[in-house]
Each structure stands twice: as structure tokens, then as C-alpha cells.
Amino acid sequence: MRALKNTLEVQKLQQLTFVHAFDDEDVISGQGTIGLELIEQIQGLYTIIVPVGGGGLILGIAIAAKTLNLEIKIIGVEVENVPSLTKAFQFGKSIEVEPSKTIADGINVQKIGLITFEICKQYVAEIVTVSEKRG
């Protein structure tokens with residue numbers, strides 16, 4: 001969250017354009033190409049499992065896949081120590097979870113996006129959290 005805060009401060013001071021990494025409609029649309037490719041390449045695909053960080057990837061894939069096949073099931077996966085989408089579903093809003101170390105650095109996002117959360121409620125069937133502990 002600190003990196004985002006700093007980025008927004010620089011953006012404002014220097015009057016730059018900011019493109020959010022996951023909470024941006026164009027970024028989400030771009031992620032949707034993965035869903036289109038999955039549907040095109042895998043005959044009879046009925047479930048897609050997607051890692052969840054800020055929600056842009058899962059949402060893009062879900063929108064594209066469900067546009068072509070309403071029956072497809074979208075399942076999100078988070079590490080149990082950074083469950084931002086799970087907590088958002090529990091509390092009905094995007095909330096910040098405690099920062100935590102994880103080997104899954106790309107999905108280590110403490111707060112699900114505002115845009116992504118609202119739309120994920122419509123498209124994501126289930127969220128699963130997994131442990132990084134062995135054995």
C-alpha cells in the first residue's frame with residue numbers, strides 16, 4: 001500500500017497519467033484475452049482456477065470466459081496469509097488485510113481493487129485459500 005501511495009503522490013506532483021496494475025478497466029480487458037485463449041484452446045473447459053492478487057486477472061478471465069460460456073466456473077486461489085478477496089467477500093467490501101510474507105509475491109496484495117471486487121461478486125463462484133506450509 002505504501003508503494004501505491006508514493007506512486008500517486010508522484011503522479012499528482014508531476015501531473016502524470018497513472019495506470020493501475022489491476023483496478024483499471026483497460027487492464028482488466030487486456031487480462032480477458034487469457035480467458036478467450038483458454039476457451040479457444042481447451043474443448044469442454046468447465047472450470048478455470050486463477051490466482052488472485054488485486055483481482056484484475058481473475059476478473060478479466062472471468063468476464064471473457066463467461067461471455068462465451070455462462071456455465072463455466074471461475075475459482076480464485078489466494079495464499080491464506082494474504083486473503084484480500086476472501087475477506088472482501090466476508091465483509092461485503094474491499095478491506096485491507098495485514099501485510100504478510102509469501103513466496104507468491106505476484107499475488108501479495110493487501111486490498112482487492114474497488115472495481116474488481118464489485119464485479120468479482122457477479123463472476124467468481126468460489127475463493128480457495130491455500131497454505132504455503134509443507135506437510
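Not measured: the values here are computed from a predicted model.
Considering CD1 of Ile74 and CD1 of Ile63, their distance stands at 10.5 Å, rounded to 0.5 Å. Considering NZ of Lys93 and NZ of Lys111, their distance stands at 9.0 Å, rounded to 0.5 Å. Rounded to the nearest 0.5 angstrom, Thr86 OG1 and Ile112 CD1 are separated by 9.0 Å.
In Glu98, the CD atom is not crowded: 12 or fewer heavy atoms of neighbouring residues, nucleotides or ligands sit closer than 6.0 Å. Applying the 6.0 Å contact sphere to CD of Glu25 captures no more than 12 heavy atoms from other residues, nucleotides or ligands.
No donor-acceptor distance shorter than 3.5 angstrom exists from the side chain of Asn108 to the backbone of Val82, with no hydrogens or angles considered. Side-chain atoms of Asp24 never come within 3.5 Å of backbone atoms of Val19 as a donor-acceptor pair (strictly under, hydrogens ignored). Lys66 places a side-chain N or O within 3.5 Å of a backbone atom of Ile72 that can act as its donor or acceptor partner. No donor-acceptor pair closer than 3.5 Å links the side chain of Asn81 to the backbone N or O of Ser100. Looking at Ser84, its side chain does come within 3.5 Å of a backbone N or O of Val109 through a donor-acceptor pair.
Of all the heavy atoms in Thr116 and Asp23, the pair that sits closest is N-OD1, 3.1 Å. When every heavy atom of Phe22 is checked against every heavy atom of Ile28, the shortest pair comes out as O-CG1, 3.6 Å.
Under the rule for a side chain to side chain donor-acceptor pair (under 3.5 Å), Thr17 has no partner lying at least two apart in sequence or in another chain. Remark: Glu132 engages Thr102 in a side chain to side chain donor-acceptor pair (under 3.5 Å) (not counting sequence neighbours). Taking Phe89 as the reference, Phe117 meet the ring pair (Phe, Tyr, Trp, His ring centres under 6.0 Å) condition, with sequence neighbours excluded.
By the 4.5 Å heavy-atom criterion applied to side chains, Ile127 and Ile75 are not counted as neighbours.
Residue pairs meeting the salt bridge (charged side-chain N to carboxylate O under 4.0 Å, His left out) criterion with at least one partner in residues 116-126, sequence neighbours excluded, are Lys73-Glu126, Glu118-Lys121.
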Residue pair Val27, His20: steps toward the side-chain contact (heavy atoms from CB on, under 4.5 Å) verdict
CA-CA 8 Å; Val27 171; His20 200 287; over 6 Å; no
Start with the C-alpha gap between Glu78 and Thr129, add the side-chain angles, then the distance that decides, and say whether side-chain hydrogen bond (donor to acceptor under 3.5 Å, both in side chains) holds.
CA-CA 5 Å; Glu78 297 180 301; Thr129 58; over 6 Å; no
Using residues 50-60 as the side-chain source, report each donor-acceptor pair under 3.5 Å to any protein atom, sequence neighbours left out, with the distance given to one decimal.
none

Which atom pairs, one a donor and one an acceptor, fall under 3.5 Å between side chains of residues 31-48 and the rest of the protein, sequence neighbours left out?
| unit_1 | atom_1 | unit_2 | atom_2 | d |
| --- | --- | --- | --- | --- |
| Thr33 | OG1 | Gly30 | O | 2.8 |

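One hydrophobic cluster, built from ILVMFWY side chains closer than 4.5 Å, holds both Leu68 and Val124.
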